[in-house]
Amino acid sequence: MEAVQNIFTKFLENKPIFVNREALTISFTPESVPHREKQINDLSRILAPALKGGKPSNVFIYGKTGTGKTLVSRLVGTELERTSRGLGASPTKAVYVNCKMKKAADTEYRLLAGLSKEFGKNVPFTGLPTDQVYQIFFNTLDSTKQNLLLIIDEIDSLIEKTGDEILYNLTRINQELSNSRVSLIGITNNLGFIEMLDPRIKSALGEEELIFPPYNALQLQDILKSRASLAFVSGTLENGVIEKCAALAAQEHGDARRALDLLRVAAEIAERNAEETVRLAHVDVAQGKIDLDRVIETVKAQPRQSQAVLYSIMQLADKNSNVQTGGVFEVYHNICAQHALKPLTQRRISDLIAELDLFGIITTKIISRGRYGRTRIITINLSDTVRKRLKNLLYEIFL
DNA sequence: AGTCCACAGGAAGGGCAGGCGA
DNA sequence: TCGCCTGCCCTTCCTGTGGACT
């Protein structure tokens, strides 16, 4: 007990590092967004007609992860909503949906059900025909006599899953409504995405386009500095910590989210070690920890079958470097037999392998060996620490 | 030049769960 | 309770393919 008490008293005795930890998370909405003034102004100008009852153009926003797309659209959306409550303005509601959120807005049905709910009408989460859900949404929206600014984040994953008909329907929605107007903001990090769309939808949705370029290291430093001033007790950061986080994140592709994560995790590590300053070494540890956590969490969330496939891949990779689909399927079959798991078909395993690649846990490459067929060559490119932990995890699961 | 391997990956559809209204 | 709807996971069947081998 004494040991526990020691930890607690020591923790209390330590000077705190954080004033406001939230300021370093992605859910935090800062008052200003450095280096995005142009995008904010452009977007505001495009959306402003909504305040006078007009229909603003639909907007398409491109940019890689962590370039401020979501933040800027939410910020402008909220501001528009607030201003629209003022005198003489036409009431507007900004609704943000993320299509990658499982069970929320990843299908046409769920998106519409979620939107109806935003306007106070509950729709069962399955069961109704889709056209009926459309009707419910139309009627609910029209009866509220509000304009809707619909921000659809990761719109490419919605289209990939459900086809582009939903966008066609949404862009035509205004013809069905008499009291309300709908404008769309589509956000994607897939630059080639709009080229895949039906030309009708392309012209309807891409009335305006905004590009969010990646941040460079100096810009990332500014962002980190402004957040750090809110988050930390002054003098907590060792010289060069911000610069290091910015440089590491700039190497990826100018991802501000990554930079903020690095800084936050580095500080949390310092805090846990009962240190009063965040040092450069903490950033190194943070870098490794973020990778590890991401992989472990992803694998834990996978269904058993997918874990079995990964386990097979890891077993094979330990023995030889040439891991390919056929071999994985064989080992997988043995694992299934040992663990009373019903084996899936090779077709399905092929999809599961592709999925693991998508998650970034393995890397696959399709090659042709001529006479000896075409196959996927699978490699695991994780650091030794991550790999070891992953092996332990899978070993525990398939004990 | 033709064959053939070992798969990739598209299309269609089965079966189940969760949920509706009648 | 029944018929119907959607989403999800999966199977079955199929066509496509790069290049070593004959």
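A, B, ... follow the sequence lines: proteins, then strands. Residue 1 opens every chain.
Between A:Q305 and C:dC9, a side-chain N or O to OP1/OP2 separation shorter than 4.0 Å is absent. Side-chain nitrogen and oxygen atoms of A:S368 include none within less than 4.0 Å of the OP1 or OP2 phosphate oxygen of B:dC5. A:Y372 has a side-chain polar atom (N or O) that falls below the 4.0 Å cut-off from OP1 or OP2 of C:dC21. Put simply, A:R376 has a side-chain N or O that comes within less than 4.0 Å of OP1 or OP2 on B:dG9.
If you measure from atom NZ of A:K365 to atom C1' of C:dG18, you get 13 Å, rounded to the nearest angstrom.
Residues A:F398 and A:H339 place their aromatic rings such that the two centres sit under 6.0 Å apart.
Of the residues in residues 332-356 of chain A, A:Q346, A:R347, A:S350 come within less than 4.0 Å of DNA chain B through at least one heavy atom, sorted by number.
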N/O donor to acceptor pairs below 3.5 angstrom from side-chain atoms of residues 237-244 of chain A, sequence neighbours left out:
unit_1 : atom_1 : unit_2 : atom_2 : d
A:E238 : OE1    : A:L280 : N      : 3.1
A:E243 : OE1    : A:G240 : N      : 3.4
A:K244 : NZ     : A:D284 : OD1    : 2.8
A:K244 : NZ     : A:D284 : OD2    : 3.1

Show me the side-chain donor-acceptor pairs of residues 287-295 of chain A shorter than 3.5 Å, one per line, residues at least two apart or across chains.
unit_1 : atom_1 : unit_2 : atom_2 : d
A:K289 : NZ     : A:D293 : OD2    : 2.7
A:R294 : NH1    : A:F359 : O      : 3.1

Report all side-chain donor-acceptor pairs from residues 323-332 of chain A shorter than 3.5 Å, counting only partners two or more places apart or in another chain.
unit_1 : atom_1 : unit_2 : atom_2 : d
A:Q324 : OE1    : A:R369 : NE     : 3.4
A:Q324 : OE1    : A:R369 : NH2    : 3.2
A:Y332 : OH     : A:Q305 : OE1    : 2.6
A:Y332 : OH     : A:L344 : N      : 2.8

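A:V19 belongs to a hydrophobic cluster whose other members, connected by ILVMFWY side-chain contacts under 4.5 Å either directly or through intermediates, are A:V233.
Each end of the helix from B:dA1-C:dT22 to B:dA22-C:dT1 gets its own axis, taken as the rotation carrying the C1' atoms of four end pairs onto the next four within a five-pair window, and the two axes meet at 20° to the nearest 10 degrees.
A:D357 and A:T364 are linked by a side-chain donor-acceptor pair at a separation below 3.5 angstrom, with hydrogens and angles left out of the test. Looking only at atom types and distance, the side chain of A:S183 has no donor-acceptor partner in the side chain of A:N58 under 3.5 Å away. Residues A:H282 and A:T277 bring no donor and acceptor atom of their side chains to less than 3.5 Å of each other.
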